[in-house]
Each structure stands twice: as C-alpha cells, then as structure tokens.
Amino acid sequence: MAELARRLPIPERLLPARPVLLVLVAACIFLTVGSSISTLFAQLTVAGVASGVVFGSLGLALVLIYRATEVINFAQGEMAMACVYFAYQLMLWGLSYWAAFFSTLAIAFVFGVVIQQVVIRPVQHRSVIAVVIVTVGLFILIDGLVEWKWGANQRFMPAPFGNQVYRLGGVPVARQQIGTIVIVLVCVLALWAFFRFTKVGLGMRAGALRPEAARLVGVRTNALLAVGWGLAAVLGAVAGLMTEPSQYVLSPTLMQPVLLYAFAAAVLGGLESPGGALVGGIALGVFLNLIGQYWTFVGSVLQLPVAFAALLLVLLVKPTGLFGHRSVRKV
Amino acid sequence: MGRKGRFVAALAALALVASVAASAAFGARAHRLDPGVTSTTIKIGGTFPLTGVASLYKVIPAAESAYFAYINAHGGVNGRKIDFTVLDDAYDPSKTVPLTQQLVEQDGIFADFGSLGTAPNLSIWGYLNQHKVPQVLIATGDSYWGFSAKKYPWTIGYQPDYPGEGKVYGKYIAANTPNAKIGVLYQNDAFGKNYFAGLRVGLGAKKGQIVASQSYDPTQTSLVQQILALKSAGADTLVIFALPSQAITAMVTATKVGWSPQIFLGNVSANPIFLQIAAQNGANVNGVISTGYLIDALNASQANLPGIKLMKSIISTYAPSLVPSMNGGDANVPYGLGAAWTFVYALQHAGKTPTRAGLMNALKSMHNVKDPFLYPGITLNTSAKDNFPTEQEILTKWSGGATGDFTAFGKLYNGVR
C-alpha cells in the first residue's frame with residue numbers, strides 16, 4: 001500500500017498556504033469570541049455552519065467530479081434531488097428513515113456510475129464543452145423525469161433527527177442542526193480516508209492528476225472515473241437528504257438554490273481541494289447569516305449579491321481559491 | 001283595376017317585400033349570437049398549471065369541470081350545456097399567451113374562465129380586453145384586476161385580494177392587541193409587498209407597533225437570520241406573508257430558536273396540510289391565526305351546511321378522484337366549485353341568450369349573492385365601481401397541533417378598501 005502511494009504521482013497537500021491558514025484561524029477566534037458574548041451571534045453562527053456544511057458537501061461532489069472529469073457537473077443538484085425522491089419512495093414502501101437513508105446512498109452510487117458510463121463516457125474525450133452541455137441536458141432530463149414520476153406537488157418526509165432543541169451554554173441549538181453537521185462531517189472524513197488509505201482511492205487521485213502516468217503503473221482509469229462519479233452522487237445524496245429536513249418540504253426545485261451556493265463554496269475553496277469546498281461552504285453559510293443581521297444596509301435582500309461580491313474579492317486576491325495551489329506546467 | 005289600382009297594388013307589394021326583408025334582417029340580428037354560443041352549448045376555456053411547480057392547483061379546474069358536469073346533467077343554463085376546455089400552461093406566461101390565442105381564435109370561446117396565476121393572467125390581460133373577450137373569475141389574489149376595471153373592463157377576479165386580507169389582520173390586531181409588538185416576514189415581491197401594504201392600512205394609527213420587518217428571497221435556503229432579527233427586535237407578534245414552504249420554515253424556525261410569538265399567517269399558506277407538517281417538524285402552531293372565506297369539509301360544525309352537502313354529492317358523482325383532496329380539507333375543491341357556481345349564476349343573469357356584455361354586466365351587478373361554497377354569511381357584491389366579488393373574510397384559529405385544523409371565530413371582517 002505504502003509502496004503504491006510512493007510510486008503514484010500524487011503530491012501531498014493537506015493544509016492551505018500559511019496566510020490563508022492565519023485568516024481562517026483568526027475567523028474561528030472571531031466566531032468563538034462573538035458567540036460567547038452574544039446568544040444571537042452564536043445562534044446565527046451555528047445555523048450558518050449547519051447550512052454551510054450542506055453547501056460544502058454538494059460543493060465537494062462538484063470538486064470530486066471536477067478532479068475526475070475536469071468539468072463542473074451542472075446536474076449535480078438535480079442528481080441529489082432525484083436521490084431524495086428515491087429515499088422518499090423507499091419510505092413510502094415502508095422503510096424506516098435510516099434504512100432508506102443508507103439504501104439511498106447505495107442507489108446513489110450506482111446512479112452516479114451508470115450516468116458516467118452511459119452518458120458521460122461517450123463524450124468525455126471530445127471536449128470540455130461537450131461534457132458540460134451533456135450535464136446541462138442531464139439537469140433538464142432528471143428534473144423532467146422526477147416531475148413525471150412524482151409530480152411537482154410538495155411532498156413531506158419524516159424529520160430524521162426529531163424536534164428536540166438543546167441549550168448549549170444558554171444558546172438554543174436544534175438537534176437537527178447538530179445532526180446535519182455530524183452526518184456531513186462523518187461522510188467527508190470517510191471519503192478522505194478512502195482517498196488516503198485505499199488502493200482504489202489512491203488510484204483515483206493518480207488517475208485524475210496524471211492519467212498517462214497512472215495508466216502506466218497499472219491504474220484502470222476508466223473504471224475509476226466511474227467510481228468517482230458514483231462517490232460524487234453519494235455525497236450529493238447526503239447533501240440532498242440533509243437539505244430536505246431544513247426545508248421541511250420536498251419538491252423538484254429542492255436543490256436548485258443549494259447548487260448555486262455549492263458552486264460558490266467549491267470555487268471559494270479552490271475547485272481542486274475537497275477540504276477547501278467544505279471550509280468554503282461553512283464560510284459562506286456563516287457569512288450570509290452574519291451580514292444579513294449585522295449589516296442592516298444589506299438586510300436579506302442584498303445578502304446574496306454581497307456574498308458573491310465578497311467571493312469575487314477573495315478570488316481577486318487569491319485566484320486559485322483558499323486551498324488552491326497554482327498549477328505549474330512545464331513546457 | 002285601373003292604373004291607379006295597379007300602382008297601389010305594386011306599392012303594397014313593394015311594402016310587403018320590404019317589410020318581410022326588414023323583418024328578416026331584424027330577425028337575423030336578434031338571433032346573431034356571440035362567439036362560443038350556439039342554441040345548445042356555450043363554449044368556455046381557461047389555462048391552468050396541470051403540470052409544473054404550481055400543479056397542486058390542478059384540483060381547481062377539476063372541481064370546476066365537476067360543477068359544470070353537474071349543471072349540464074341538470075339541463076344546463078337555459079337549455080345550453082357548458083363546454084369547458086382546460087389547457088395546461090404549467091404556470092408559464094410564455095405558454096399562456098399562445099394557448100389563450102388558440103382558445104379565442106380557433107376554439108372560439110365565449111369567455112376565458114378561471115385562468116390561474118397572477119403572471120399568466122397579466123400576460124393575456126391586454127389581449128383579451130382588446131378582443132373584448134371576458135376574462136372572468138380568474139384565480140389570483142392580486143388587486144390589479146379590481147382596481148383597473150376602467151381600463152380593462154372585460155376582466156374580473158373572484159377571491160379576496162391580498163391587500164384586503166392584510167388589512168383584516170391589521171384591523172384585528174389594532175382592535176384586540178393594540179400594544180402588540182409586530183414583526184413582519186414577507187416575500188420580497190409584489191405578492192408579499194401588497195399583503196404588507198394592506199396590513200399597514202388595517203393597523204391605521206397603530207402602524208407604529210410594527211417593530212421590525214424582514215423580507216426573504218425565494219432562493220434563500222434558510223430563514224434563521226430573518227427570524228432571529230425579528231425576535232431580537234422584541235416582536236411578540238409574527239405576521240407571515242410567505243409561500244407555503246417558507247411559511248413552514250418560518251414557523252418551525254421560530255420555535256427552534258426559542259421564540260413563541262402570536263403568529264398570523266397569510267391565507268396562501270394556510271392549507272391545513274402545511275400547518276400539520278410544520279407541527280410534525282416541531283413548530284408550535286396552536287393559536288396561529290389566518291383567514292378563510294370558503295366552506296371547510298374538515299370542520300365538523302359545518303357538516304350540515306347545504307354547501308358541504310352539495311360539494312360532497314357533486315364531487316363523489318362527477319369527480320370521484322377528488323374525494324381524498326376534499327376529505328383532507330383541500331380548499332381548492334370548494335374554491336373551484338364556488339368559482340364555477342358564480343360563473344353559472346352570471347350566465348343565468350346574462351340574458352336568455354347570453355352575450356359577452358351581458359355576462360360582464362351580470363358579474364358587475366351582484367348584490368348579496370349567496371354562493372353556497374363560501375363561508376356562511378359571506379356574499380358576493382359588485383357594482384360598476386366595485387370589481388372585487390369576495391371581500392369579506394372570517395378569521396380562523398388553529399388548534400389540535402399536528403392533526404388539527406382551523407376553526408372560524410369572531411365576526412366577519414371586510415377587507416374593502
């Protein structure tokens with residue numbers, strides 16, 4: 001295993017550059033101090049983290065596919081939404097929430113693999129634009145199929161975490177928020193371990209970074225690309241299943257706003273970095289809540305434009321995103 | 001017979017011919033029918049979201065068709081059967097326009113009846129008025145239709161309008177809890193703002209009791225920030241003018257951040273299923289106040305109303321697939337029946353052979369007309385100046401948590417401006 005890791009052309013990079021790290025640490029200190037002073041601030045922060053991890057996990061799915069296929073998958077949100085409908089259908093058939101949850105993750109994996117093999121693979125070697133257009137087509141197709149099968153009516157699913165509200169040091173925190181954060185973090189850690197410690201995971205990273213070199217050391221890149229799509233679909237399903245309980249209503253438009261934030265999270269994190277997508281998502285979630293509250297001029301109307309203006313600023317200072325590394329190509 | 005005699009005879013013959021011709025011509029004019037009307041049928045049509053984001057409203061045209069089938073089975077209107085064409089515009093104005101042109105120019109409808117949605121109706125407003133085609137009893141709560149009757153005389157709505165409803169909440173708060181500290185959550189568009197404007201008018205001198213207002217954009221995924229802002233402004237009363245999904249989120253979020261204000265909820269989101277879902281997700285919905293204007297199949301105290309009995313018999317005979325919706329308290333069922341009832345009423349008063357002008361005239365001169373599908377006591381009233389058919393509403397209060405329902409209380413309020 002270690003031998004393989006050494007032979008594969010994978011650069012080790014876990015942490016972002018030092019200035020970025022300092023900014024992140026400072027932000028954490030700011031949030032902690034603020035939360036200890038004001039209950040309102042603490043509630044906004046916790047709620048921001050809870051919605052942020054969801055942006056992050058869908059962002060992570062985008063990053064996975066970007067690393068494997070070098071395109072942004074515009075259908076990622078709709079794939080996630082379809083998975084929530086799968087879970088909904090399983091629950092209609094009598095499965096408990098968590099049985100349906102884990103079955104859906106398995107279905108999502110197969111769903112992702114099938115989409116890659118059937119729809120993406122034939123166009124993969126043409127051009128980036130061709131693949132992008134196919135993902136836009138998938139977006140429309142999945143949306144249409146879901147509406148055809150389940151209709152556009154609002155549907156309702158049981159709440160996975162119950163309705164308890166805990167008081168942590170006087171701050172009301174809903175169990176659902178804690179549950180969302182824990183589930184997403186567990187999934188991300190599992191994914192990280194998969195890429196770090198398994199042969200398939202290492203092969204995938206190598207295949208994405210240096211396809212020729214990887215193929216030469218015996219990595220079956222094509223199969224691994226499919227696995228990458230499968231895993232991205234699983235992460236998307238997690239994001240979808242964690243979005244539904246925070247919206248209380250399931251409809252075909254469930255993931256469309258979330259996808260927008262997920263793009264932002266992925267870009268903020270640096271598009272190539274899984275950790276970056278998660279940190280980017282959390283930063284975005286918290287930032288949106290805090291500016292809406294404390295910058296009255298912004299209110300809820302300008303929240304989104306201001307958040308994206310801030311994103312633009314970050315990218316002007318650091319074009320590769322928070323965790324990104326400048327890619328150098330020898331000519 | 002001399003020359004003179006022949007001349008007189010010729011004159012008489014001429015007069016006879018002329019009079020026959022004239023009477024034939026006049027007769028023809030008397031029998032010339034408006035488009036869509038034959039001696040046995042009256043053709044009408046409308047556009048509805050049978051698919052797409054707003055397709056939960058497809059219950060409305062189904063209930064309307066059921067009412068027309070019931071009327072046709074009982075001889076129609078003055079011997080004419082109503083032929084109602086329902087087209088699917090998926091709530092998309094770019095589809096509403098060609099479908100409406102098809103109804104007018106190919107199908108030759110007498111009137112566009114009941115078409116659903118503010119944006120779809122706005123897109124055909126000018127076209128129908130230009131062609132003098134009645135655009136009647138349309139399913140939208142915006143107030144344009146009533147206010148613009150002078151410029152658009154062929155258009156009229158049906159349900160109470162949003163500003164009128166907002167005004168009812170304002171009047172109630174000013175009269176019953178004049179010291180309430182009011183926080184308002186509204187959707188950041190014409191729908192939310194119209195409601196909010198009505199609330200301020202209703203509050204009158206108590207307008208200053210609004211301590212904070214927060215808007216949201218439908219693309220926002222969380223309302224925590226807005227709810228916390230209203231709470232931290234010290235509000236003890238929360239008025240929600242939102243679409244169902246955001247209304248549920250707002251009520252659940254309020255409870256989860258440890259806030260239990262008196263909630264007022266705009267009628268658009270007050271379908272029982274939405275409050276039941278909010279309660280299942282932990283919201284404290286008992287005591288939520290909204291308004292109603294239709295009969296309610298879920299409400300045991302209304303079980304003996306003639307309207308409820310008629311609704312049950314019509315739906316079970318002519319639209320059995322709607323029975324579950326009806327029994328679940330879906331307000332779209334009595335809504336559709338009520339709108340169709342009003343249309344038939346207007347047809348009956350539009351002359352023995354109905355004309356488009358006669359139909360509009362009938363719809364604009366209703367005095368205390370008792371539509372059996374409206375809440376008892378609420379009547380239809382219109383005049384040349386007043387183009388809002390339903391203006392009264394009854395306040396309703398939720399009890400029973402996740403399996404509860406709204407119950408009417410207090411007096412009827414008038415949302416008239």
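Sequence lines set the chain letters: A, B, ... in the order given, protein chains first and strands last, and positions in each chain run from 1.
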- Query: Is the number of heavy atoms from other residues, nucleotides or ligands under 6.0 Å of A/Trp148 CH2 greater than 12?
  - Reply: no
- Query: Would the number of heavy atoms belonging to other residues, nucleotides or ligands and lying under 6.0 Å from CZ of A/Phe30 be above 12?
  - Reply: no
Is there side-chain contact between [X] and [Y], with heavy atoms separated by less than 4.5 Å?
{"X": "B/Ser232", "Y": "A/Gln293", "answer": "yes"}
{"X": "B/Asn281", "Y": "A/Phe156", "answer": "no"}
{"X": "A/Pro172", "Y": "B/Val257", "answer": "no"}
{"X": "A/Leu44", "Y": "B/Gln225", "answer": "yes"}

- Message: I need the B/Ser222 OG to A/Leu288 CG distance, nearest 0.5 Å.
- Response: 9.0 Å
- Message: Nearest 0.5 Å, please: how far is OG1 in A/Thr39 from NZ in B/Lys231?
- Response: 8.0 Å
- Message: Counting only non-hydrogen atoms closer than 4.5 Å, does A/Val258 touch chain B with its backbone (N, CA, C, O), its side chain (CB onward), both, or neither?
- Response: both
- Query: Which bit of A/Gln176 comes within less than 4.5 Å of chain B, counting heavy atoms only: side chain, backbone, both or neither?
  - Reply: side chain
Engaged part of [X] at the chain A interface, taking heavy atoms whose separation is under 4.5 Å:
{"X": "B/Gln280", "answer": "backbone"}
{"X": "B/Pro49", "answer": "neither"}
{"X": "B/Ile277", "answer": "side chain"}
{"X": "B/Phe274", "answer": "side chain"}

- Message: Does anything in residues 181-192 of chain B reach chain A? List residues with heavy atoms under 4.5 Å apart, or say none.
- Response: B/Asn188
- Which atom of A/Ser246 lies closest to which atom of B/Thr249, heavy atoms considered: O-CG2, 4.1 Å
- Message: Using a 4.5 angstrom heavy-atom cutoff, name the option from B/Thr253, B/Leu228, B/Asp217, B/Ile248 with the most pairs to chain A.
- Response: B/Leu228
- Consider only side-chain N and O atoms of A/Gln177 and B/Lys256, and report whether a donor and an acceptor are under 3.5 Å apart. no
